[in-house]
Amino acid sequence: MEGALLSLAIKAGLDVTDARAGFPRLDEIPFDARHRYMATLHADARARRLSPTSRGRPSGCWPCAPAPPRPTTTVRSSVTAGSGRSRLLAADGQRVIAIARRTLAPGTASLTPSDVEGGLVLLGLIGLIDPPRPEAIAAVAECRAAGIRVKMITGDHAATARAIALQLGLADDPVAVTGQELDALDDAGFHRRAQEATVFARTTPEHKLRLVESLQRDGSVIAMTGDGVNDAPALKRADVGVAMGGKGTEVAKEASEMVLADDNFASIVAAVREGRTVYDNLTKVITWTLPTNGGEAMTIILAILFGLTLPVTPIQILWINMVTAVALGLTLAFEPTEPGAMRRPARAPTERLLSGRLLWRILFVSVLMVAGTFGVYAWATGRGLSVETARTMVVNTLVVMEIFYLFSVRYVHGPSMTRQGVFGTRAVLIGVAAVVAAQLAFTYLPFMHTVFESRPVDLADGAAIVAIGVALLVVVEIEKRIAALLVPAPKTTAG
């Protein structure tokens with residue numbers, strides 16, 4: 001803002017260097033949110049003391065007399081006209097500053113608030129505009145699509161803040177509330193307005209803190225951004241305090257959990273997108289690991305309970321886990337963001353990682369794998385094949401089912417039977433290729449036969465094993481589609 005004012009003075013033809021030398025600053029009253037003005041005391045060549053005020057809202061500089069040569073009898077009309085002009089500038093999204101001055105007695109060395117509370121001569125109004133960045137507008141739209149409500153808390157005029165909110169797209173018809181209106185409400189009314197309003201103007205640090213606490217009452221996760229000392233209490237109270245790394249004060253940074261290095265709101269949205277990706281990938285790893293291990297464990301447990309021949313030996317189970325857990329399971333950590341990740345409603349803070357939906361998936365897929373395992377073993381031994389050959393087919397069946405199930409897990413919130421779903425990412429393709437190569441060695445290399453008691457498998461049997469994997473993928477995708485139709489979307493709770 002100071003830079004903009006200096007630029008304005010230079011454009012008006014003033015020599016800023018000479019002005020500073022000719023009117024040295026003697027004292028100042030810093031800007032404060034309570035009185036909303038800044039005043040400085042200067043000396044001029046005639047030993048007078050001039051006290052111009054800057055960075056003050058228009059109402060903070062009135063009552064003022066108009067600048068000469070207008071007669072002082074027009075003070076009231078000048079103030080009225082200035083108020084109207086101020087509202088017009090504010091409605092256009094401009095921050096309005098009134099500039100006024102007063103001549104004090106010679107020898108005045110210090111400045112007090114009483115010196116600037118009356119007797120000022122109004123010099124004019126200045127409108128400053130800081131247009132929203134294009135990426136900020138896009139980020140706000142992405143937030144709204146993701147179920148994240150964005151609210152503006154500012155010390156600016158309500159009309160200015162509402163105009164900026166419209167430019168940013170915070171709401172189709174943003175509701176603006178001033179700090180004075182909030183002070184007149186009881187707790188219930190305050191909470192209701194905190195939920196309804198999009199813009200909070202002319203606020204104090206106390207208002208910011210109360211707004212954060214009020215919005216948290218319904219379980220919403222609140223992220224608060226700020227850069228000044230006055231923002232520190234609200235930043236500390238919010239679930240996620242976000243300080244500005246460039247223009248933010250050290251107090252604000254210490255009170256926050258995150259610091260934006262580029263002071264760009266779009267970086268917050270990028271962090272939300274990355275957080276959803278990490279959460280999705282963590283869910284995918286769990287969704288893939290537990291059913292596959294559950295299927296293997298249930299196979300052994302059922303065989304022991306019913307006194308059946310083990311369809312797979314312990315060392316073969318070890319081989320499966322060693323190969324698939326490394327080559328397949330880890331690939332899910334490299335999955336990119338799913339399409340539509342930022343168009344999903346926000347996840348409820350109380351939602352468990354092992355949700356009912358995930359527990360059902362673990363049981364469902366485990367049962368499918370057990371059925372495939374015993375089915376292949378019974379089919380092989382029923383044709384008179386050796387136990388070693390039957391077990392080799394079971395091992396390959398388990399690995400193939402895990403491969404095809406991996407492709408289903410890659411998309412938690414959408415269908416996997418698409419071009420992208422089939423070809424996968426580079427990490428997935430490399431992992432699948434490594435597992436296929438390992439299984440070919442397990443099945444056909446003589447020294448592997450000695451270590452794992454495996455045997456070669458006919459091409460027709462291999463094709464049947466692949467068909468079982470395809471069938472598993474189809475069944476799981478059908479179950480996923482039915483669950484998506486039956487399970488309602490989660491309630492949006494992020495703010």
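We're numbering straight along the sequence, starting at 1.
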Minimal heavy-atom distance between Tyr405 and Thr287, with the atoms involved, is OH-O, 2.8 Å
Closest contact, heavy atoms only, Ile300 versus Val312: CD1-O, 3.6 Å
Strictly distance-based, threshold 3.5 Å: is any side-chain N or O of Asn281 a donor or acceptor partner for the main-chain N or O of Glu335? yes
What residue among Arg217, Arg149, Lys151 forms side-chain hydrogen bond (donor to acceptor under 3.5 Å, both in side chains) with Gln195? Arg149
Side-chain heavy-atom pair [X], [Y] within 4.5 angstrom cut-off:
X	Y	result
Phe364	Val475	yes
Leu215	Ser220	no
Leu211	Phe190	yes
Asn264	Leu260	no

Who passes side-chain hydrogen bond (donor to acceptor under 3.5 Å, both in side chains) against Ser267, sequence neighbours left out? Asp262
Residue list, salt bridge (charged side-chain N to carboxylate O under 4.0 Å, His left out) with [X], at least two apart or on another chain:
X	answer
Arg273	Glu142
Glu296	none
Asp187	Arg210

Using the salt bridge (charged side-chain N to carboxylate O under 4.0 Å, His left out) rule, collect all pairs that involve residues 382-393, keeping only residues at least two apart or in two chains. Arg383-Asp461
Output side-chain donor-acceptor pairs under 3.5 Å for residues 161-173, partner residues at least two apart or in another chain, one line each.
residue: Arg162; atom: NE; partner: Pro174; partner atom: O; Å: 3.0
residue: Arg162; atom: NH2; partner: Asp173; partner atom: OD1; Å: 2.4

Aromatic plane relationship, Phe442 with Trp319 - under 30° parallel, 30 to 60° tilted, over 60° perpendicular: parallel
Among Thr324, Val436, Val323, Val394, the one residue meeting side chain to side chain contact (heavy atoms under 4.5 Å, CB included) with Val399: Thr324
Using 4.0 Å as the upper bound for N to carboxylate O, is an ion pair formed by Lys208 and Asp231? yes
